[in-house]
Q: 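Below you will find the structure I want to go over with you.
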Protein chains: 2
Amino acid sequence: MSRPAAKAPVRLAREERVGHILSAARDVFCKKGYEQTAVSEIAARCGVVEGTVFKYFPTKRELLLKVLEHWYEEMFGDYARDLAEVAGTRERLRLLVWRHLRSIRDYPLLCRLMFREVRSEHDYHGSDLHGLNRRYTQLLVDTLDDGVQAGEIRHDIALPLLRDMVYGSIEHYTWNYICGRGALDIDATAGQITALLWDGISSRGADVQLQRETRRLVQIASRLEKALPKVQRAKS
Amino acid sequence: MSRPAAKAPVRLAREERVGHILSAARDVFCKKGYEQTAVSEIAARCGVVEGTVFKYFPTKRELLLKVLEHWYEEMFGDYARDLAEVAGTRERLRLLVWRHLRSIRDYPLLCRLMFREVRSEHDYHGSDLHGLNRRYTQLLVDTLDDGVQAGEIRHDIALPLLRDMVYGSIEHYTWNYICGRGALDIDATAGQITALLWDGISSRGADVQLQRETRRLVQIASRLEKALPKVQRAKS
DNA sequence: CAGGTTGGTGAGTCAGACTCACCCGTTTAG
DNA sequence: CTAAACGGGTGAGTCTGACTCACCAACCTG
């Protein structure tokens, strides 16, 4: 019997190894959550030893952040594009809500990591991920602002509050689904949320004018109503 | 010099010791967050040794849950009471929003623990704290339901969604304050959130009247239309 | 081929949650 | 009154998992 062969470690280029680690980390973090994941398990999936992971990522947490950054950038490719193709602020709002819901439906585990492990931690504020997220939510604010300029949304709405209401509502409502309980009908939900918010934020230009016109019509009708008997009397 | 005096551990009744530990734990958890808190530090604050804490609380996490349960029960004393004294669903909604905001303003650190460390963990669902929280949010749902019955809120609103929108909006909007950044004007915020939601969910009394008036106008117009030819014929 | 560069190793250290055998003051049964 | 049972408290452990570091070996370069 020969001596156990000295294992020859597989040498990869830096980026390639980093890519493998990120991919494995994404899988394991999703499967077990951040706390329950051992860096050694991620390493084992790549066929390397724990120390190798720490060679490329200074801490476990940094690794988590990079996993989510990659995911964000991967998602953002075609984000602003087809927004311009939709006409009307209400429909654009609905699209943004729907698309956020779709991300949650398609990647509940990554969303969970994002909402729970990352966004609430001290080091998130000011991080690259925070920047990415701001760019993401800014799209909504810009859309709403366009709606204000176009007269479709009332001028007295605090847009930052409205932005937080949109994303806060969605996250809170989908939390059960994100935790693996229950289903998520994104079409119905997007419709309901949009309807609820819109009827609160759409400028009531139509209503006001309608009221004015109606009042005028009522006056006219009343005058005619009063006049009619006289005319009829005159006839006779 | 005498031999170092054999330390005589202070013996307390079970409940008393538990109370001290809960109190110390609350302070340290608030100051440093859950992860950064060492059980040994909590023990030191009570003048006991680490093992003593584990005598009364099986795990660090269980200790956290009990801390928050105590806080919840402490807050709930007079919760449903003065709600009945407020007339009108809109004002009741505003009160509930305002009171939730007040809790956040007054106990941001405990809220942070609740939102971040507890509510998003697997063992929360079905826990005592979950039950307390459901009782708390149910108050809002009941209030809204009363509003529906009273005709103040549209019948086609999904109340669970609306409940999640209320609490989700508030949490998302106050997160910066909870993390120690920025201020929180609870009066203004409660007003804005209520206004935004209400104009989306209140049954449109104005519209209904508008419809009634329009229907009347149509009748008048029809009569006039029928009458007009006769009058014209008579005139000629 | 020598020397620098870089990917990879694995045996550590360290912190902190949790355990357990034991100690001793108090209470209670005989 | 005394001895056994009870229960609060101890502190020296164990164990897990993040993170470190001295070293190795395969490649590139002059």
Side-chain angles (χ1 to χ4, degrees), chain A residues 3-29 31-67 113 117-118 121-123, chain B residues 3-29 31-67 113 117-118 121-123:
Chain A
R3 227 183 29 248
K7 69 187 291 187
V10 183
R11 281 174 72 99
L12 294 182
R14 184 189 181 86
E15 343 164 333
E16 206 170 350
R17 181 64 76 198
V18 166
H20 286 176
I21 293 174
L22 282 174
S23 169
R26 174 168 160 164
D27 291 348
V28 183
F29 280 145
K31 200 179 71 182
K32 315 185 82 168
Y34 178 71
E35 297 293 341
Q36 292 305 309
T37 293
V39 175
S40 57
E41 185 175 349
I42 296 172
R45 285 222 177 185
C46 306
V48 296
V49 92
E50 204 176 346
T52 304
V53 174
F54 285 102
K55 191 92 155 197
Y56 297 106
F57 300 94
T59 64
K60 179 184 173 187
R61 182 158 177 80
E62 190 67 27
L63 175 54
L64 172 67
L65 291 178
K66 289 288 183 235
V67 164
L113 288 172
E117 310 289 355
V118 175
E121 206 67 51
H122 304 82
D123 58 1
Chain B
R3 223 179 37 245
K7 68 187 291 185
V10 183
R11 283 175 69 103
L12 295 181
R14 183 188 182 84
E15 347 163 330
E16 206 169 350
R17 181 63 77 198
V18 166
H20 286 175
I21 293 174
L22 282 174
S23 169
R26 173 168 160 165
D27 291 348
V28 183
F29 280 145
K31 201 180 69 180
K32 314 186 82 168
Y34 178 70
E35 296 294 340
Q36 293 304 310
T37 294
V39 175
S40 56
E41 185 175 348
I42 295 172
R45 284 224 176 184
C46 307
V48 296
V49 93
E50 203 175 345
T52 303
V53 174
F54 284 103
K55 191 93 156 196
Y56 297 105
F57 301 93
T59 64
K60 178 185 172 186
R61 183 159 177 80
E62 190 67 28
L63 175 54
L64 173 67
L65 291 177
K66 290 288 183 237
V67 164
L113 288 172
E117 310 290 355
V118 175
E121 206 68 52
H122 303 82
D123 58 1

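Sequence lines set the chain letters: A, B, ... in the order given, protein chains first and strands last, and positions in each chain run from 1. Both backbone and side-chain heavy atoms feed into the values below; hydrogens, waters and symmetry mates do not. As the structure is a computational prediction, the values presented were derived from the model and not from experiment.
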Q: Could you check how far NZ of K55(B) sits from C1' of dA17(C), rounded to whole Å?
A: 17 Å
Q: OP1 or OP2 of dA18(D) less than 4.0 angstrom from a side-chain nitrogen or oxygen of K60(A), does that happen here?
A: yes
Q: Can you find a pair of side-chain heavy atoms, one from K32(B) and one from E41(B), that are under 4.5 Å apart?
A: yes
Q: Within the side chain of K31(A), is there an N or O that forms a donor-acceptor pair under 3.5 Å with the backbone of T37(A)?
A: no
Q: Whole angstroms only, please: what is the CZ-P distance between R14(B) and dT27(C)?
A: 17 Å
Q: Would you kindly give the CD-to-C1' distance between E62(A) and dC19(D), to the nearest whole Å?
A: 14 Å
Q: May I ask you to say what F57(B) touches in the nucleic acid, namely base, sugar-phosphate or nothing, with a heavy-atom cut-off under 4.0 Å?
A: nothing
Q: Is there a side-chain contact (heavy atoms from CB on, under 4.5 Å) between L63(A) and F29(A)? Walk through the geometry before answering.
A: CA-CA 10 Å; L63(A) 175 54; F29(A) 280 145; 4.1 Å; yes
Q: Where along residues 31-46 of chain A does a heavy atom fall under 4.0 Å from DNA chain D?
A: T37(A), A38(A), V39(A)
Q: Among dG9(D), dT10(D), dC19(D), find the nucleotide with the atom closest to the side chain of E50(A).
A: dC19(D)
Q: Base, sugar-phosphate, or nothing for V49(A), non-hydrogen atoms under 4.0 angstrom?
A: base
Q: Just how far, in rounded Å, is C1' of dT26(C) from CG of L12(B)?
A: 14 Å
Q: Where the side chain of R11(A) is concerned, which of dG8(D), dT6(C), dT19(C) is the nearest nucleotide?
A: dT6(C)
Q: If the cut-off is 4.0 Å, is R17(B) near the phosphate of dG9(D), judged by side-chain N/O to OP1 or OP2?
A: yes
Q: Look at the side chain of F54(B) and decide which nucleotide, out of dC18(C), dT10(D), dG7(C), has an atom nearest to it.
A: dC18(C)
Q: Please confirm whether the shortest side-chain N or O distance from T52(B) to OP1 or OP2 of dT10(D) is below 4.0 Å.
A: yes
